[in-house]
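Below, each value reflects all heavy atoms present in this structure, side chains not excepted, and no hydrogens, waters or symmetry copies. Heads up: numbering here begins at 1 and tracks the sequence.
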Amino acid sequence: MDDKEFTFESEQILKKKNRKKIILIAAISAAVIAAAVVTIILVVSARRKKIHRSEEGLPFSYTWQENSEGGIDLSLDRSEAPDYDWVLVSTSEGMTVSAPASQPDKTSNFSLISSETGNPSAVFGLQKGDDPYTRTYEMEFSLYTALDEEGNFVREFVFKGVKQVQTAVEGGADSEHPYIIQRDEADGTILVFIEDNWLRTESTANLQQEEAMLEENLQELLEWIENDSVPEDSHTNSYSGEPAAAEDSYKNPFTGEPCSAEELRKVLLEHKDELEQMLKDDLQPETYLTMHQDWTAASSDEAVVFVRELDLSWGEGEIPNQVVLLLSYGGTSGTADVTVRSDTAGAQLVMTIRSDDEGSFIVEDHRLESFEPIEQEGEYEPEAGSVEETAGETVEETVE
């Protein structure tokens, strides 16, 4: 009898059940794995799509979210300043900032990415077009980038602060001393320019002495003209003051042509009255375009703001004479007044300046005041000389 393998029906049923159980377990495992993968994808996607909003109380709000390139999409609000745009002011090495060709009406959008480890930062300014002197605020952000244990980039986006900056302002347009206040882009200091075009008349304190000398010279000249006498200094051209080495070394004062003494005498005799008037006109005081020399600048609290430099800038051509003032942050938060004054000009510019720990350094108020000027004594010297430091009484007159 051949050996045959017999399988009971119960065993066949059991084998079928085991086979179904294995298939079911495999299916469940695959479903669990698939669900886990989907969950991870959704979490990563949700993280990238999550919009982070700025804290309350900022002058301008912002939002940001991670993008698919591993960078940051940043949106800065400007709804309260529709004529202004947020622009990139500066960025440190290791960060790339880009912006779309066109921006929305109420926000400015940027993309920031860092492909190197480090903590690079970017500064954005709110201004009109490309004019940095219209800038009113600056906001700074950093993008910390590091490598994790598996060699993947890990990033953290951080808001570092917002500060108000000095925009260019003007004043005193209808006065003799119009001025401009603006921020120095190089180091954030404040520059002040005050025009001071002073038309000053030469002093006439010694006019009587000059008149006496003129009268003496004129009488001598008339005697030479009428009596054919020789002047005291026969080696000098009596009219021009030049050496008279030869008879024809004289010049006709009306034409400038060389002439003999006899010809000169004849011309002067015919125009004696006109000559006398010309010589007297030479005594008239001359007028010069200059600057007042007694401008001073002082701060009420140098711990808040101090005067770094005060210069008198002599203009040329269309450039006006200007008082140039450089103001720097003193290192302490607070408010202080800076006064720029000239007693001889009868004017002073008073500025109220605020500084804080956030880096704001702002002229909150400015006004040009006028008062009765103190007359400067002594002879006129165009680019030198001092004045008596005598205080004048301020008149309550403010030039807007």
Side-chain angles (χ1 to χ4, degrees), residues 51-67 71-114 119-144 157-171 179-193 304-305 327-329 333 335 351-366:
I51 297 178
H52 303 267
R53 302 186 182 279
S54 60
E55 61 185 63
E56 296 182 358
L58 296 179
F60 296 90
S61 62
Y62 66 89
T63 61
W64 67 272
Q65 65 183 47
E66 296 183 43
N67 56 36
I72 299 296
D73 289 334
L74 174 65
S75 180
L76 302 175
D77 177 64
R78 55 183 176 87
S79 57
E80 298 298 324
D83 296 332
Y84 289 71
D85 297 297
W86 286 101
V87 300
L88 178 65
V89 175
S90 64
T91 181
S92 57
E93 186 177 355
M95 180 185 291
T96 302
V97 179
S98 61
S102 61
Q103 296 281 11
D105 292 336
K106 297 182 178 181
T107 59
S108 296
N109 298 328
F110 301 91
S111 293
L112 297 75
I113 189 168
S114 175
N119 193 28
S121 61
V123 177
F124 300 90
L126 185 65
Q127 63 187 45
K128 288 185 177 181
D130 297 328
D131 187 359
Y133 294 115
T134 63
R135 190 177 306 156
T136 57
Y137 282 87
E138 288 182 353
M139 299 183 78
E140 184 176 4
F141 300 87
S142 66
L143 183 55
Y144 174 75
F157 189 61
V158 179
F159 168 64
K160 299 189 70 174
V162 58
K163 66 179 181 181
Q164 188 179 2
V165 297
Q166 179 64 48
T167 187
V169 294
E170 300 181 2
Y179 60 89
I180 297 175
I181 304 171
Q182 66 185 42
R183 180 173 181 254
D184 187 349
E185 286 298 299
D187 55 9
T189 54
I190 293 177
L191 282 169
V192 183
F193 302 92
V304 175
V305 54
L327 303 176
S328 292
Y329 173 46
S333 298
T335 302
M351 296 169 286
T352 301
I353 300 178
R354 172 180 58 83
S355 62
D356 58 39
D357 295 336
E358 297 297 327
S360 297
F361 191 44
I362 303 297
V363 177
E364 291 191 324
D365 182 51
H366 52 94

Summary of side-chain hydrogen bond (donor to acceptor under 3.5 Å, both in side chains) pairs that have at least one residue in residues 71-97, sequence neighbours excluded: Asn67-Asp73, Asp73-Ser111, Ser75-Asn109, Asp77-Ser79, Arg78-Ser108
List the atom of Thr189, the atom of Ser328, and the distance in Å for their closest heavy-atom pair. CG2-OG, 3.4 Å
With rounding to the nearest 0.5 Å, note down the distance linking OG in Ser121 to CG in Asn119. 7.5 Å
The side-chain contact (heavy atoms from CB on, under 4.5 Å) partners of Asp130 (sequence neighbours excluded) come to none
Looking at residues at least two apart in the chain, or sitting in another chain, which of them share a side chain to side chain donor-acceptor pair (under 3.5 Å) with Arg354? Gln164, Asp356, Glu364
Gln166: which residues meet the side chain to side chain donor-acceptor pair (under 3.5 Å) condition with it, sequence neighbours left out? none
Side-chain donor or acceptor of Thr107 paired with backbone N/O of Pro104 under 3.5 Å: no
Closest approach of Leu327 and Val192, non-hydrogen atoms and distance? CD1-CG2, 4.4 Å
Can the ring centroids of His52 and Phe157 be said to lie less than 6.0 angstrom from one another? no
Taken in chain and number order and not counting sequence neighbours, the residues that satisfy side-chain contact (heavy atoms from CB on, under 4.5 Å) with Phe159 are Leu58, Tyr62, Met139, Phe141, Val162
Any heavy-atom pair between the side chains of Val363 and Ile190 that's under 4.5 Å? yes
Phe124 and Leu74 have their tightest heavy-atom pair at CE1-CD2, 3.8 Å
Please determine whether side chain to side chain contact (heavy atoms under 4.5 Å, CB included) holds for the pair Met351 and Val305, giving the CA-CA distance in whole Å, both sets of side-chain angles, and the decisive distance to 0.1 Å. CA-CA 11 Å; Met351 296 169 286; Val305 54; over 6 Å; no
Please identify each residue that fulfils side chain to side chain donor-acceptor pair (under 3.5 Å) with Glu185, with sequence neighbours left out. Arg135, Arg183
Heavy atoms only: give me the nearest Phe110-Ala99 pair and the separation to one decimal. CD2-CB, 3.8 Å
Sorted by chain and number, sequence neighbours left out, salt bridge (Lys or Arg N to Asp or Glu O under 4.0 Å) with Lys160 holds for Glu140
Criterion side chain to side chain contact (heavy atoms under 4.5 Å, CB included) on Thr335 and Thr352, from CA distance to verdict: CA-CA 7 Å; Thr335 302; Thr352 301; 3.5 Å; yes
Rounded to the nearest 0.5 Å, how far does CD of Glu138 lie from NZ of Lys163? 5.0 Å
Supply the atom-to-atom distance Thr136 OG1 to Phe60 CZ, rounded to the nearest 0.5 angstrom. 5.5 Å
To the nearest 0.5 Å, what is the distance between CG on Leu88 and OG on Ser98? 10.0 Å
Taking atom CZ of Phe193 as the centre, does the number of heavy atoms from other residues, nucleotides or ligands within less than 6.0 Å exceed 12? yes
If the condition is side-chain contact (heavy atoms from CB on, under 4.5 Å), which residues does Asp357 pass it with, not counting sequence neighbours? Tyr329, Ser333
So which atom in Gln182 and which in Ala168 form the shortest heavy-atom distance, rounded to 0.1 Å? CB-CB, 4.0 Å
The criterion is salt bridge (Lys or Arg N to Asp or Glu O under 4.0 Å); which residues satisfy it with Asp187, sequence neighbours excluded? Arg308
Between Ile51 and Thr63, the two heavy atoms sitting closest are CG2-CB, 3.9 Å
